[in-house]
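As C-alpha coordinates, the structure follows; a few thoughts come after it.
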Amino acid sequence: MKPYLREKAPAAFDEIPEFPSYEAGFLTTKNAGWRNFRPVIDTKKCNGCMQCYLYCPDGVISEKDGKAVIDYDFCKGCGICRKICKFNAIEMEAEI
Amino acid sequence: MSVLSKDEFFYGHKACAGCGGSLAVRIALKVLGERSIAVLPAGCMSAVGFNFPQLCFGNNAIISTFAGTASMLTGIRAGLKAKGIEDFHAVGFAGDGGTADIGLQALSGAIDRNDDILYICYDNEAYMNTGIQKSSLTPFGAKTTTTPAGKNIHGNMRPKKNMFEIAAAHGIPYAATASVGYINDFISKVKKASGIKGTKYIHVIAPCPTGWGISTDETVEIAKEAVDCGTWYLAEFENGEFRLNFRPKEFSDIGEYLKKQSRFRHLTDEDIKIIENSRNAKWEFIDNNFRK
(Lines give C-alpha, C1' and ligand atoms only; values in the text may rest on other atoms or scores of the structure.)
Protein backbone atom coordinates (compact mmCIF):
# COMPACT_ATOMS: atom_id res chain seq x y z
CA MET A 1 0.00 0.00 0.00
CA LYS A 2 1.08 3.56 -0.48
CA PRO A 3 -0.65 6.93 -0.13
CA TYR A 4 -2.97 7.34 -3.10
CA LEU A 5 -4.87 10.04 -4.90
CA ARG A 6 -8.49 10.22 -3.76
CA GLU A 7 -11.17 10.52 -6.39
CA LYS A 8 -12.85 13.34 -4.58
CA ALA A 9 -11.01 16.06 -2.69
CA PRO A 10 -12.86 17.66 0.20
CA ALA A 11 -14.36 20.88 -1.13
CA ALA A 12 -16.96 21.98 1.41
CA PHE A 13 -16.58 22.51 5.15
CA ASP A 14 -18.65 19.46 6.04
CA GLU A 15 -16.37 17.23 3.94
CA ILE A 16 -13.24 18.31 5.76
CA PRO A 17 -12.22 16.08 8.68
CA GLU A 18 -13.51 17.56 11.90
CA PHE A 19 -10.34 16.91 13.84
CA PRO A 20 -6.79 17.41 12.61
CA SER A 21 -6.21 13.66 12.71
CA TYR A 22 -7.54 11.59 9.85
CA GLU A 23 -6.71 8.80 7.45
CA ALA A 24 -3.03 8.33 6.60
CA GLY A 25 -1.87 8.66 3.01
CA PHE A 26 -4.71 10.92 1.93
CA LEU A 27 -3.65 12.59 -1.33
CA THR A 28 -5.82 15.15 -3.07
CA THR A 29 -3.43 16.77 -5.59
CA LYS A 30 -0.82 15.53 -8.06
CA ASN A 31 2.74 16.83 -8.49
CA ALA A 32 2.90 16.22 -12.23
CA GLY A 33 2.65 19.90 -13.14
CA TRP A 34 6.04 20.60 -11.50
CA ARG A 35 7.91 18.76 -14.19
CA ASN A 36 9.84 20.35 -17.06
CA PHE A 37 11.48 17.11 -18.13
CA ARG A 38 10.01 13.65 -18.05
CA PRO A 39 12.17 10.58 -17.43
CA VAL A 40 11.38 7.87 -19.95
CA ILE A 41 12.60 4.32 -19.41
CA ASP A 42 13.89 2.32 -22.35
CA THR A 43 12.59 -1.13 -21.45
CA LYS A 44 15.11 -2.79 -23.80
CA LYS A 45 18.03 -1.38 -21.80
CA CYS A 46 16.44 -1.65 -18.32
CA ASN A 47 17.51 -4.82 -16.54
CA GLY A 48 15.46 -4.22 -13.41
CA CYS A 49 18.36 -3.49 -11.01
CA MET A 50 16.05 -0.92 -9.37
CA GLN A 51 18.78 1.49 -8.31
CA CYS A 52 16.53 4.29 -9.65
CA TYR A 53 13.78 3.12 -7.30
CA LEU A 54 16.24 3.14 -4.40
CA TYR A 55 17.40 6.72 -4.94
CA CYS A 56 14.13 8.38 -6.03
CA PRO A 57 13.30 11.07 -3.43
CA ASP A 58 9.61 10.78 -4.29
CA GLY A 59 9.40 7.00 -4.44
CA VAL A 60 7.57 7.09 -7.75
CA ILE A 61 9.48 4.21 -9.36
CA SER A 62 8.34 0.64 -8.86
CA GLU A 63 8.98 -2.73 -10.48
CA LYS A 64 6.65 -4.36 -12.93
CA ASP A 65 7.53 -7.53 -14.84
CA GLY A 66 11.23 -7.10 -14.04
CA LYS A 67 11.39 -3.51 -15.34
CA ALA A 68 11.20 -0.12 -13.69
CA VAL A 69 8.00 1.88 -14.18
CA ILE A 70 7.34 5.50 -13.22
CA ASP A 71 4.22 6.99 -11.67
CA TYR A 72 4.00 10.22 -13.69
CA ASP A 73 1.29 11.63 -11.41
CA PHE A 74 3.90 12.27 -8.73
CA CYS A 75 7.27 12.38 -10.57
CA LYS A 76 8.81 15.86 -10.36
CA GLY A 77 11.39 15.23 -13.07
CA CYS A 78 14.48 15.85 -10.90
CA GLY A 79 16.58 13.50 -13.04
CA ILE A 80 18.33 11.59 -10.23
CA CYS A 81 17.15 8.31 -11.79
CA ARG A 82 18.82 9.17 -15.10
CA LYS A 83 22.17 9.81 -13.42
CA ILE A 84 21.95 6.70 -11.21
CA CYS A 85 21.16 4.36 -14.13
CA LYS A 86 24.34 2.49 -15.15
CA PHE A 87 22.72 1.20 -18.32
CA ASN A 88 21.67 4.59 -19.71
CA ALA A 89 18.14 3.26 -19.86
CA ILE A 90 16.56 6.57 -18.80
CA GLU A 91 16.27 9.62 -21.04
CA MET A 92 14.88 13.00 -20.04
CA GLU A 93 12.33 14.32 -22.54
CA ALA A 94 11.01 17.88 -22.48
CA GLU A 95 7.41 18.22 -21.39
CA ILE A 96 5.31 20.05 -23.94
CA MET B 1 17.45 -3.41 -0.70
CA SER B 2 15.91 -6.59 0.73
CA VAL B 3 15.22 -5.01 4.13
CA LEU B 4 13.05 -2.33 2.53
CA SER B 5 9.30 -2.60 2.68
CA LYS B 6 7.66 -2.59 -0.76
CA ASP B 7 5.22 0.01 0.54
CA GLU B 8 5.81 3.74 0.33
CA PHE B 9 5.18 5.74 3.48
CA PHE B 10 6.20 9.18 2.25
CA TYR B 11 4.52 9.76 -1.07
CA GLY B 12 3.06 12.70 -2.95
CA HIS B 13 4.88 15.19 -0.76
CA LYS B 14 5.63 18.74 -1.90
CA ALA B 15 9.42 18.78 -1.41
CA CYS B 16 11.47 20.45 -4.15
CA ALA B 17 12.55 18.17 -6.98
CA GLY B 18 15.72 16.30 -6.04
CA CYS B 19 15.32 16.86 -2.28
CA GLY B 20 17.85 14.88 -0.22
CA GLY B 21 15.87 15.19 3.00
CA SER B 22 12.79 13.55 1.53
CA LEU B 23 14.96 10.68 0.25
CA ALA B 24 16.28 10.12 3.79
CA VAL B 25 12.79 10.16 5.32
CA ARG B 26 11.36 7.90 2.63
CA ILE B 27 14.12 5.31 2.96
CA ALA B 28 14.12 5.34 6.79
CA LEU B 29 10.36 4.73 6.88
CA LYS B 30 10.72 1.92 4.35
CA VAL B 31 13.19 0.26 6.72
CA LEU B 32 11.11 0.82 9.87
CA GLY B 33 7.79 -0.16 8.30
CA GLU B 34 4.17 0.69 8.92
CA ARG B 35 4.29 0.34 12.69
CA SER B 36 6.31 3.47 13.21
CA ILE B 37 5.14 6.79 14.52
CA ALA B 38 6.95 9.69 12.93
CA VAL B 39 7.42 12.99 14.71
CA LEU B 40 8.30 16.03 12.63
CA PRO B 41 9.08 19.44 14.06
CA ALA B 42 8.85 22.63 12.05
CA GLY B 43 11.11 22.21 9.05
CA CYS B 44 11.03 21.12 5.45
CA MET B 45 9.70 17.62 6.02
CA SER B 46 6.67 18.75 8.01
CA ALA B 47 6.03 21.62 5.60
CA VAL B 48 6.03 19.31 2.59
CA GLY B 49 4.34 16.33 4.22
CA PHE B 50 1.25 17.90 5.73
CA ASN B 51 -0.55 20.24 3.33
CA PHE B 52 -4.08 19.95 4.58
CA PRO B 53 -5.98 18.02 3.37
CA GLN B 54 -3.07 16.37 1.52
CA LEU B 55 -1.47 13.90 3.95
CA CYS B 56 1.64 12.28 2.54
CA PHE B 57 2.52 9.87 5.32
CA GLY B 58 1.26 6.32 5.02
CA ASN B 59 2.02 5.65 8.68
CA ASN B 60 1.14 7.59 11.82
CA ALA B 61 2.83 10.98 11.75
CA ILE B 62 2.52 14.13 13.80
CA ILE B 63 3.99 17.63 13.85
CA SER B 64 5.70 18.62 17.08
CA THR B 65 6.81 21.98 18.40
CA PHE B 66 10.09 23.10 16.90
CA ALA B 67 12.07 22.39 20.05
CA GLY B 68 10.14 19.33 21.16
CA THR B 69 10.89 16.51 18.68
CA ALA B 70 12.65 14.33 21.25
CA SER B 71 10.25 15.11 24.09
CA MET B 72 7.26 14.25 21.93
CA LEU B 73 8.93 10.97 21.01
CA THR B 74 9.37 10.33 24.74
CA GLY B 75 5.69 11.06 25.30
CA ILE B 76 4.55 8.78 22.47
CA ARG B 77 6.68 5.94 23.81
CA ALA B 78 5.38 6.44 27.36
CA GLY B 79 1.76 6.95 26.33
CA LEU B 80 1.54 3.85 24.16
CA LYS B 81 3.43 1.81 26.76
CA ALA B 82 0.74 2.76 29.28
CA LYS B 83 -1.83 1.40 26.81
CA GLY B 84 0.15 -1.83 26.50
CA ILE B 85 1.44 -1.15 22.97
CA GLU B 86 5.16 -1.81 22.58
CA ASP B 87 5.66 -3.19 19.06
CA PHE B 88 6.32 0.06 17.23
CA HIS B 89 9.13 2.49 16.43
CA ALA B 90 9.04 6.04 17.69
CA VAL B 91 11.06 7.93 15.08
CA GLY B 92 11.77 11.64 14.77
CA PHE B 93 12.91 13.47 11.65
CA ALA B 94 14.34 16.87 12.42
CA GLY B 95 16.47 19.14 10.28
CA ASP B 96 19.85 20.52 11.25
CA GLY B 97 18.36 23.63 12.87
CA GLY B 98 15.70 21.60 14.68
CA THR B 99 18.42 19.33 16.03
CA ALA B 100 21.58 21.28 16.70
CA ASP B 101 20.06 24.68 17.55
CA ILE B 102 16.44 24.59 18.65
CA GLY B 103 15.86 20.96 19.61
CA LEU B 104 19.19 20.26 21.27
CA GLN B 105 17.95 20.57 24.83
CA ALA B 106 15.03 18.16 24.34
CA LEU B 107 17.30 15.72 22.51
CA SER B 108 19.88 15.89 25.28
CA GLY B 109 17.17 15.23 27.85
CA ALA B 110 15.85 12.22 25.96
CA ILE B 111 19.32 10.72 25.62
CA ASP B 112 19.89 11.34 29.33
CA ARG B 113 16.68 9.43 30.20
CA ASN B 114 17.64 6.79 27.61
CA ASP B 115 14.12 6.69 26.20
CA ASP B 116 13.55 4.06 23.54
CA ILE B 117 13.40 6.34 20.51
CA LEU B 118 15.15 6.82 17.18
CA TYR B 119 16.13 10.39 16.31
CA ILE B 120 17.16 11.05 12.73
CA CYS B 121 18.68 14.41 11.84
CA TYR B 122 18.54 15.10 8.10
CA ASP B 123 21.27 17.68 7.73
CA ASN B 124 20.93 20.02 4.75
CA GLU B 125 23.26 22.50 6.44
CA ALA B 126 20.95 25.53 6.87
CA TYR B 127 17.35 26.50 7.61
CA MET B 128 16.23 25.69 4.08
CA ASN B 129 12.49 25.71 4.80
CA THR B 130 12.43 29.40 5.66
CA GLY B 131 14.73 30.47 2.86
CA ILE B 132 18.31 29.43 3.64
CA GLN B 133 19.43 30.94 6.96
CA LYS B 134 22.57 29.82 8.75
CA SER B 135 22.23 27.10 11.39
CA SER B 136 25.00 25.82 13.65
CA LEU B 137 25.46 22.94 11.19
CA THR B 138 26.23 25.25 8.27
CA PRO B 139 29.84 24.63 7.25
CA PHE B 140 32.59 27.23 7.12
CA GLY B 141 32.43 29.45 4.06
CA ALA B 142 28.87 28.67 3.03
CA LYS B 143 26.78 31.55 1.74
CA THR B 144 23.32 31.86 3.29
CA THR B 145 20.92 34.80 3.51
CA THR B 146 22.13 35.55 7.05
CA THR B 147 25.80 34.98 6.19
CA PRO B 148 26.11 36.64 2.78
CA ALA B 149 29.39 36.58 0.90
CA GLY B 150 30.93 40.01 0.61
CA LYS B 151 34.33 41.55 -0.01
CA ASN B 152 35.51 41.23 3.59
CA ILE B 153 33.51 38.34 5.00
CA HIS B 154 33.23 35.25 2.81
CA GLY B 155 30.02 33.63 4.02
CA ASN B 156 29.73 31.71 7.25
CA MET B 157 32.76 32.28 9.51
CA ARG B 158 32.08 29.48 11.99
CA PRO B 159 32.80 25.78 11.57
CA LYS B 160 30.09 23.12 11.58
CA LYS B 161 29.03 21.98 15.04
CA ASN B 162 30.00 18.39 15.75
CA MET B 163 26.54 17.03 16.50
CA PHE B 164 27.48 13.35 16.14
CA GLU B 165 30.14 13.54 18.82
CA ILE B 166 27.91 15.71 21.03
CA ALA B 167 25.26 12.96 20.94
CA ALA B 168 27.93 10.33 21.57
CA ALA B 169 29.34 12.29 24.52
CA HIS B 170 26.08 11.54 26.39
CA GLY B 171 27.06 7.86 26.39
CA ILE B 172 24.20 7.11 23.98
CA PRO B 173 23.57 3.41 23.15
CA TYR B 174 23.91 4.06 19.42
CA ALA B 175 24.83 7.03 17.24
CA ALA B 176 25.86 7.09 13.60
CA THR B 177 26.62 9.39 10.70
CA ALA B 178 25.43 8.67 7.18
CA SER B 179 24.96 10.22 3.77
CA VAL B 180 22.17 9.82 1.22
CA GLY B 181 24.97 9.29 -1.32
CA TYR B 182 25.78 6.00 0.43
CA ILE B 183 22.21 4.84 0.82
CA ASN B 184 22.99 1.20 1.61
CA ASP B 185 25.12 2.30 4.55
CA PHE B 186 22.23 4.49 5.75
CA ILE B 187 19.76 1.62 5.36
CA SER B 188 21.91 -0.74 7.42
CA LYS B 189 22.36 1.88 10.14
CA VAL B 190 18.61 2.52 10.43
CA LYS B 191 18.04 -1.23 10.50
CA LYS B 192 20.65 -1.69 13.21
CA ALA B 193 19.27 1.21 15.26
CA SER B 194 15.73 -0.20 15.05
CA GLY B 195 16.90 -3.31 16.92
CA ILE B 196 18.62 -1.47 19.76
CA LYS B 197 16.81 -0.52 22.96
CA GLY B 198 17.38 2.99 24.25
CA THR B 199 18.03 6.27 22.47
CA LYS B 200 19.48 6.13 18.96
CA TYR B 201 20.75 9.07 16.96
CA ILE B 202 21.50 9.05 13.22
CA HIS B 203 22.90 12.09 11.47
CA VAL B 204 22.42 11.90 7.71
CA ILE B 205 23.75 14.41 5.20
CA ALA B 206 20.94 15.33 2.81
CA PRO B 207 21.86 17.91 0.15
CA CYS B 208 19.34 20.59 -0.76
CA PRO B 209 19.50 21.61 -4.46
CA THR B 210 17.81 24.93 -3.67
CA GLY B 211 20.08 25.93 -0.81
CA TRP B 212 23.34 24.41 -1.97
CA GLY B 213 23.02 25.74 -5.50
CA ILE B 214 23.27 22.48 -7.39
CA SER B 215 21.01 21.10 -10.08
CA THR B 216 18.23 18.76 -9.00
CA ASP B 217 19.86 15.63 -10.41
CA GLU B 218 23.15 16.16 -8.52
CA THR B 219 21.82 15.52 -4.99
CA VAL B 220 23.03 11.96 -4.69
CA GLU B 221 26.38 12.60 -6.39
CA ILE B 222 27.22 15.58 -4.20
CA ALA B 223 26.25 13.66 -1.03
CA LYS B 224 28.64 10.93 -2.13
CA GLU B 225 31.35 13.42 -2.97
CA ALA B 226 31.10 15.02 0.49
CA VAL B 227 32.24 11.68 1.90
CA ASP B 228 34.81 11.03 -0.84
CA CYS B 229 36.54 14.39 -0.37
CA GLY B 230 36.57 13.97 3.42
CA THR B 231 34.39 16.87 4.57
CA TRP B 232 31.95 14.27 5.92
CA TYR B 233 32.58 10.77 7.25
CA LEU B 234 30.65 7.59 7.86
CA ALA B 235 31.04 6.41 11.43
CA GLU B 236 29.25 4.77 14.33
CA PHE B 237 29.36 5.08 18.10
CA GLU B 238 28.46 1.99 20.08
CA ASN B 239 29.46 0.54 23.46
CA GLY B 240 31.44 3.65 24.25
CA GLU B 241 33.57 3.34 21.13
CA PHE B 242 33.82 5.22 17.85
CA ARG B 243 34.18 3.18 14.69
CA LEU B 244 34.94 4.44 11.20
CA ASN B 245 32.93 2.60 8.52
CA PHE B 246 34.58 3.89 5.40
CA ARG B 247 37.82 5.60 4.52
CA PRO B 248 38.33 6.91 0.98
CA LYS B 249 41.58 5.49 -0.46
CA GLU B 250 42.48 8.96 -1.53
CA PHE B 251 40.48 12.12 -0.91
CA SER B 252 38.95 13.61 -4.03
CA ASP B 253 39.68 17.28 -4.71
CA ILE B 254 37.93 19.40 -2.09
CA GLY B 255 38.06 22.52 -4.29
CA GLU B 256 36.17 20.73 -7.02
CA TYR B 257 33.52 19.61 -4.54
CA LEU B 258 33.09 23.19 -3.29
CA LYS B 259 33.02 24.84 -6.70
CA LYS B 260 30.13 22.66 -7.83
CA GLN B 261 27.90 24.40 -5.28
CA SER B 262 26.94 28.03 -5.75
CA ARG B 263 26.96 28.57 -1.96
CA PHE B 264 30.76 28.09 -2.04
CA ARG B 265 31.54 29.67 -5.41
CA HIS B 266 32.82 32.92 -3.88
CA LEU B 267 35.56 31.19 -1.88
CA THR B 268 39.16 32.22 -2.52
CA ASP B 269 42.05 29.76 -2.71
CA GLU B 270 42.96 30.76 0.84
CA ASP B 271 39.47 29.91 2.09
CA ILE B 272 39.67 26.54 0.40
CA LYS B 273 43.04 25.99 2.05
CA ILE B 274 41.42 26.67 5.46
CA ILE B 275 38.70 24.10 4.71
CA GLU B 276 41.32 21.61 3.54
CA ASN B 277 43.36 22.10 6.71
CA SER B 278 40.35 21.62 8.95
CA ARG B 279 39.51 18.46 7.06
CA ASN B 280 43.04 17.14 7.58
CA ALA B 281 42.89 17.98 11.28
CA LYS B 282 39.54 16.18 11.58
CA TRP B 283 40.91 13.07 9.89
CA GLU B 284 43.96 13.09 12.12
CA PHE B 285 41.57 13.05 15.08
CA ILE B 286 39.57 10.22 13.48
CA ASP B 287 42.70 8.18 12.81
CA ASN B 288 43.80 8.56 16.42
CA ASN B 289 40.46 7.99 18.13
CA PHE B 290 38.20 5.88 15.90
CA ARG B 291 38.49 2.12 15.55
CA LYS B 292 38.75 0.98 11.92
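In what follows, chains carry the letters A, B, and so on, assigned in the order in which the sequence lines appear, proteins first and then strands, with residues in each chain numbered from 1. No hydrogens, no waters, no symmetry mates; every other heavy atom, side chains included, goes into these values.
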Using heavy-atom distances under 4.5 Å, tell me whether [X] contacts chain B through its side chain, its backbone, both, or neither.
| X | result |
| --- | --- |
| A:Glu23 | backbone |
| A:Leu5 | neither |
| A:Arg82 | side chain |
| A:Phe74 | side chain |

Does a side-chain heavy-atom distance below 4.5 Å link [X] with [Y]?
| X | Y | result |
| --- | --- | --- |
| B:Thr216 | A:Ile80 | no |
| B:Lys14 | A:Thr29 | yes |
| A:Lys2 | B:Lys6 | no |
| B:Pro53 | A:Thr28 | yes |

How many angstroms lie between CH2 in A:Trp34 and SG in B:Cys16, if you round to the nearest 0.5 Å?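 Here the rounded value is 6.5 Å.
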Report the distance from atom CD of B:Glu221 to atom CD1 of A:Ile84, rounding to the nearest 0.5 Å.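 Result: 7.5 Å between the selected atoms.
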Looking at [X], I'd like to know if its [atom1] atom is crowded, meaning that more than 12 non-hydrogen atoms belonging to other residues, nucleotides or ligands lie closer than 6.0 Å.
| X | atom1 | value |
| --- | --- | --- |
| B:Tyr257 | OH | yes |
| B:Lys259 | NZ | yes |
| A:Glu91 | CD | no |

Which atoms of [X] approach chain A - backbone, side chain, both or neither, heavy atom under 4.5 Å:
| X | value |
| --- | --- |
| B:Glu34 | neither |
| B:Ile27 | side chain |
| B:Val25 | neither |
| B:Ala24 | neither |
| B:Asn59 | backbone |
| B:Ile187 | side chain |
| B:Ser5 | backbone |

Residues A:Leu27, B:Cys56; criterion side chain to side chain contact (heavy atoms under 4.5 Å, CB included); working and verdict: CA-CA 7 Å; A:Leu27 304 184; B:Cys56 304; 4.0 Å; yes
Relative to chain B, which of A:Gly79, A:Pro3, A:Pro10 shows the most heavy atom pairs under 4.5 Å?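 Heavy-atom pair counts peak at A:Pro3.
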Suppose we call two aromatic rings close when their centres sit under 6.0 Å apart. Are B:Phe52 and A:Tyr22 close by that rule?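 Ring centroids of B:Phe52 and A:Tyr22 are less than 6.0 Å from each other.
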Contacts table for residues 44-62 of chain A: side-chain donor-acceptor under 3.5 angstrom, sequence neighbours left out:
unit_1  : atom_1 : unit_2  : atom_2 : d
A:Asn47 : OD1    : A:Cys49 : N      : 3.2
A:Tyr53 : OH     : B:Lys30 : NZ     : 3.0
A:Asp58 : OD2    : A:Lys76 : NZ     : 2.7

Does B:Asp217 reach the main-chain N or O of A:Lys83 with its side chain, forming a donor-acceptor pair under 3.5 Å?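 It does not hold such a pair.
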